[in-house]
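A short write-up of the structure that comes next.
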2 protein chains.
Amino acid sequence: MITDLEKIKKYLQAVKIKPTYLRIRLLKYLLEKKNHPTGKMIYQALKKELPTISLTSIYNNLELFAKKGLVKILLLDPKEIRFDGEKGHHHFFCEKCQKIIDLPIDCNLIKKKKIFGHLIKDWDGYFFGICKDCQRDG
Amino acid sequence: MITDLEKIKKYLQAVKIKPTYLRIRLLKYLLEKKNHPTGKMIYQALKKELPTISLTSIYNNLELFAKKGLVKILLLDPKEIRFDGEKGHHHFFCEKCQKIIDLPIDCNLIKKKKIFGHLIKDWDGYFFGICKDCQRDG
DNA sequence: TCCAAATCTGTAATCATTACAAAATTATAA
DNA sequence: TTATAATTTTGTAATGATTACAGATTTGGA
């Protein structure tokens, strides 16, 4: 996992994003936490250490990151967008505890370049139901 | 395809939804059109024949239908929710022409009851990219 | 150090969705 | 058929995430 500030800086430069301190900290947060945060969650968390940040900057840079393919936009919840610092896996949403669980599924479909002739650039796989823990707990 | 009003009425009653005229017409619209409409699109279309309808009723009943499993909420666009009168297929979204294309994929994952121990109740599969037509047109 | 460009902040605007109370409709029973 | 209670629908206002925008700040290069 990439969490060292210098490494993150290079990670940003590799995709032609100017590595400002805010961007480095934002990406660091996304790579370290696995909590699929909303923009507001990130804002509130980073605000503790960077008191002057604005929600607008968080949103702007998340959009930039997503456009450059650094992070994934999750549309699990119609009410708010969530972000994921890691790509390449499916997601499970528990309707009981509301937890979002990463699923390391080996899916053949997503390995293909095309599907029914349509060029695949990205994909999302969501499952909804009751997670293992909630089933056990009743 | 079920589009006859009487059949739709029975379809609603089968899932214990009181078949009011608005609900019958709303479900008819969803079953006939394959346009993955937003709430507003449905509202504007139905308003032509049912001038007194309200957007609130559309939303309320779409939520009811979704809860009863009659329609599918599509999480394709962060800006607005779309609805699908047919379930059981994946979706492709063309980033060029913005078209939503149904993909009749035979996926083994979604036939399973559980995945990594988590109970599956519903699922969504999305692909993003350039559709066949837009590739040909340049 | 200085400067132009890019980024960030703070506030206000946007707009899909939801809340809520009153009006209308429905189903049922007398 | 008519009265009645429950449900549904309407219309308006509220909510809240996201976006627009202008001015302040920061950045990287000369």
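Lettering follows sequence order; numbering is per chain, from 1. Please read all numbers here as calculations on a predicted model, not as lab measurements.
With hydrogens and angles left out, the side chain of Thr20(B) and the base of dT25(C) share no donor-acceptor pair within 3.5 Å. One donor-acceptor pair, N or O on each side, does fall under 3.5 Å between the base of dA19(C) and the side chain of Thr56(B).
Nearer to the 5' terminus of DNA chain C, by closest-nucleotide assignment, is the contact made by Arg82(B) (compared with the other of Tyr21(B) and Arg82(B)). With the nearest nucleotide of DNA chain D identified for both Pro78(B) and Leu55(B), Leu55(B) has the one nearer the 5' end. In terms of position on DNA chain C, the residue among Ser54(A) and Ile81(B) whose nearest nucleotide sits closer to the 5' end is Ser54(A).
In terms of modelled atom types and a separation under 3.5 Å, the side chain of Tyr126(A) and the main chain of Leu74(A) share no donor-acceptor contact. The closest donor-acceptor contact from the side chain of Lys87(B) to the backbone of Gly69(B) lies under 3.5 Å.
Using a 4.0 Å cut-off, some side-chain N or O of Lys40(A) falls inside it from OP1 or OP2 of dA17(D). Between Lys79(A) and dT15(D), a side-chain N or O to OP1/OP2 separation shorter than 4.0 Å is absent.
Under the 3.5 Å distance criterion, with hydrogens and angles disregarded, no donor-acceptor pair is assigned to the side chains of Asp4(B) and Tyr11(B).
Rounded to whole Å, atom P of dT26(D) lies 15 Å from atom CD1 of Ile24(A). At whole-Å resolution of the value, NZ in Lys9(B) and P in dT26(C) are 10 Å apart. If you measure from atom CG of Leu12(A) to atom P of dT27(D), you get 14 Å, rounded to the nearest angstrom. Computed from coordinates, the Ile17(B) CD1 to dT9(D) P distance equals 11 Å when rounded to whole Å. Between the P atom of dT8(D) and the CG atom of Leu27(B) lies a distance of 16 Å, rounded to the nearest Å. Arg25(A) has its CZ atom 16 Å from the C1' atom of dC8(C), to the nearest Å. Residue Gln44(B) contributes atom CD, which lies 13 Å from atom C1' of dA16(C) at whole-angstrom precision. In this structure, Met41(B) places its CE atom 17 Å from C1' of dC15(C), rounding to the nearest Å.
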Sequence neighbours excluded and cut-off under 3.5 Å, please list the side-chain donor-acceptor pairs for residues 99-108 of chain B, or say none.
| residue | atom | partner | partner atom | Å |
| --- | --- | --- | --- | --- |
| Asp102(B) | OD1 | His36(B) | NE2 | 2.8 |
| Asp102(B) | OD1 | His89(B) | NE2 | 3.1 |
| Asp102(B) | OD1 | His91(B) | NE2 | 3.3 |
| Asp106(B) | OD1 | Lys111(B) | NZ | 2.8 |
| Asp106(B) | OD2 | Lys111(B) | NZ | 3.4 |

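As judged by a 4.0 angstrom heavy-atom cut-off over every strand, Thr52(B) is placed among residues touching the sugar-phosphate backbone only.
For Glu80(B), taking side-chain heavy atoms from C-beta onward, the closest of the listed nucleotides dT17(C), dT9(D), dC8(C) is dT17(C).
Annotation: proximity of residues 57-71 of chain B to DNA chain D (heavy atom, distance under 4.0 Å) is found for Ser57(B), Asn61(B), numbered in ascending order.
No salt bridge links Lys40(A) with Glu80(A); every basic N to acidic carboxylate O contact stays at or beyond 4.0 Å. The residues Lys96(A) and Asp133(A) are annotated as not salt-bridged, no charged nitrogen and carboxylate oxygen being separated by less than 4.0 angstrom.
By the 30° and 60° cut-offs, the orientation of the rings of Phe93(A) relative to Phe128(A) is perpendicular.
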